[in-house]
Amino acid sequence: LPAVDLVQLRAKRLTVASADDLAAHVTHERELVGVDIERDEEHANGTFAATYGEVLRELQAGKLLEAQSRCRQELEANPEDPELLHLMALIYLNAAEYDHVVEWASRAIRKQPKPSYLATLGTALRRAGHLEEASKVFDKAIQLNPDDATLWANLGGVLEELTRQSDAVLCFQQALKLDPYQLEAA
């Protein structure tokens with residue numbers, strides 16, 4: 001594999017939007033953890049599908065308290081639904097309450113170990129500074145979905161923070177191989 005300069009990789013990375021631009025931040029977060037409103041609305045079934053979509057839209061609009069309140073209401077009626085558990089984790093991720101993210105994402109993963117749920121957990125662990133744990137979680141997500149460039153880029157970022165540059169470069173290269181437009185890996 002060709003050598004890649006980590007300085008170039010860092011210089012090309014997208015930066016997360018400022019705290020003042022929460023809507024852009026939420027959109028970026030959703031891309032990082034693989035949340036797609038339309039796909040998730042289609043996936044949600046049962047009597048709470050409409051409310052589920054409303055919660056996702058509130059989250060995207062930056063209305064975190066409203067999203068949390070509506071999600072809690074739905075969880076009272078459907079306490080074991082992994083999509084709602086994951087949605088609550090996303091709400092807390094956007095509020096930077098990483099201990100709560102770990103709790104809610106872990107509950108969702110126990111019900112259904114989806115790569116997007118693992119990505120949410122890995123992102124929270126990374127931001128909380130638990131880099132070794134985050135690398136293991138992203139690795140597990142990649143085992144479940146090895147063709148997801150975003151997962152490879154996330155793992156590469158964690159490995160870079162752990163100063164495991166050669167492993168990070170391999171992950172970034174894999175991300176770019178899978179998706180040449182994967183800006184997180186560029």
Side-chain angles (χ1 to χ4, degrees), residues 1-19 21-40 43 56 59-60 62 82-83 86-87 89-98 101-102 104-106 108-109 112-186:
L1 293 172
V4 174
D5 183 2
L6 283 175
V7 175
Q8 289 176 341
L9 289 174
R10 286 188 194 107
K12 291 181 184 176
R13 283 229 184 117
L14 285 178
T15 57
V16 175
S18 70
D21 191 2
L22 184 59
H25 173 73
V26 169
T27 300
H28 180 72
E29 291 298 329
R30 295 168 65 79
E31 290 169 0
L32 286 176
V33 298
V35 175
D36 179 342
I37 290 176
E38 292 174 9
R39 177 192 51 102
D40 281 350
H43 177 76
L56 287 173
L59 179 59
Q60 188 176 33
E83 293 287 341
H86 180 241
L87 185 58
L90 289 174
I91 292 167
Y92 280 114
L93 182 66
N94 285 288
E97 295 186 29
Y98 304 123
V101 178
V102 170
W104 289 99
S106 295
I109 291 164
Q112 187 178 22
K114 291 175 68 171
S116 61
Y117 301 172
L118 289 159
T120 300
L121 178 60
T123 299
L125 291 168
R126 179 182 184 182
R127 292 191 182 162
H130 304 289
L131 299 177
E132 285 293 337
E133 290 178 63
S135 71
K136 291 175 186 173
V137 171
F138 282 121
D139 186 57
K140 176 64 177 172
I142 288 169
Q143 289 174 23
L144 295 174
N145 189 4
D147 295 327
D148 187 324
T150 302
L151 293 175
W152 283 100
N154 283 332
L155 179 58
V158 171
L159 294 172
E160 183 180 13
E161 289 179 51
L162 287 167
T163 65
R164 293 172 46 192
Q165 277 76 354
S166 61
D167 292 333
V169 167
L170 292 174
C171 289
F172 291 139
Q173 288 174 334
Q174 181 64 22
L176 289 170
K177 178 181 172 186
L178 292 168
D179 179 4
Y181 300 103
Q182 177 53 251
L183 297 177
E184 182 70 16

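Counting heavy atoms from C-beta on, the side chains of P180 and L176 never come closer than 4.5 Å. No side-chain heavy atom of H130 sits less than 4.5 Å from a side-chain heavy atom of Y98.
In this structure, Y117 and Q112 approach most closely via the heavy-atom pair CD1-O, 3.0 Å. Scanning all heavy atoms of the two residues, the minimum distance from G156 to A168 falls at O-CB, 3.4 Å. Taking all atoms of both residues into account, the shortest heavy-atom contact from A134 to G122 is CB-O, 3.5 Å. In terms of heavy-atom proximity, V101 sits nearest to Y92 at CG2-C, 3.4 Å. Residue S135 comes nearest to L155 through the heavy atom pair O-CD1, 3.6 Å, listed as atom of the first residue, atom of the second, then distance. What you find for V158 and L131 is that their closest heavy atoms are CG1-O, 3.3 Å.
In this structure, CG in L90 is found 9.5 Å from CD in E83, a value given to the nearest 0.5 Å. Rounding to the nearest 0.5 angstrom, the gap separating the CG atom in L87 from the CG atom in L93 is 11.5 Å. Taken to the nearest 0.5 Å, the CD atom of Q165 stands 9.5 Å off from the CG atom of L159. Going from atom CG of L144 over to atom CG of L118 covers 6.0 Å, rounded to the nearest 0.5 Å. How far CD of E132 is from NZ of K136: 6.5 Å, rounded to the nearest 0.5 Å. Atoms CG and CZ, from L121 and R126 in turn, are 13.5 Å apart once rounded to the nearest 0.5 Å.
Side-chain contact, S116 with H86: no donor N or O sits under 3.5 Å from an acceptor N or O.
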Legend entry - side chain to side chain contact (heavy atoms under 4.5 Å, CB included) evaluation trace for F138 with T123: CA-CA 9 Å; F138 282 121; T123 299; 3.8 Å; yes
Inset, instruction - Report the C-alpha separation of I142 and K140 in whole Å, then their side-chain angles, then the decisive distance to 0.1 Å, and conclude whether the side chain to side chain contact (heavy atoms under 4.5 Å, CB included) test is met. - result: CA-CA 5 Å; I142 288 169; K140 176 64 177 172; over 6 Å; no
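Although no hydrogens or angles enter the test, the distance criterion places a donor-acceptor pair under 3.5 Å between the side chain of W152 and the main chain of P146.
None of T150, L151, D148 except one satisfies the side-chain contact (heavy atoms from CB on, under 4.5 Å) rule with P115; the exception is L151.
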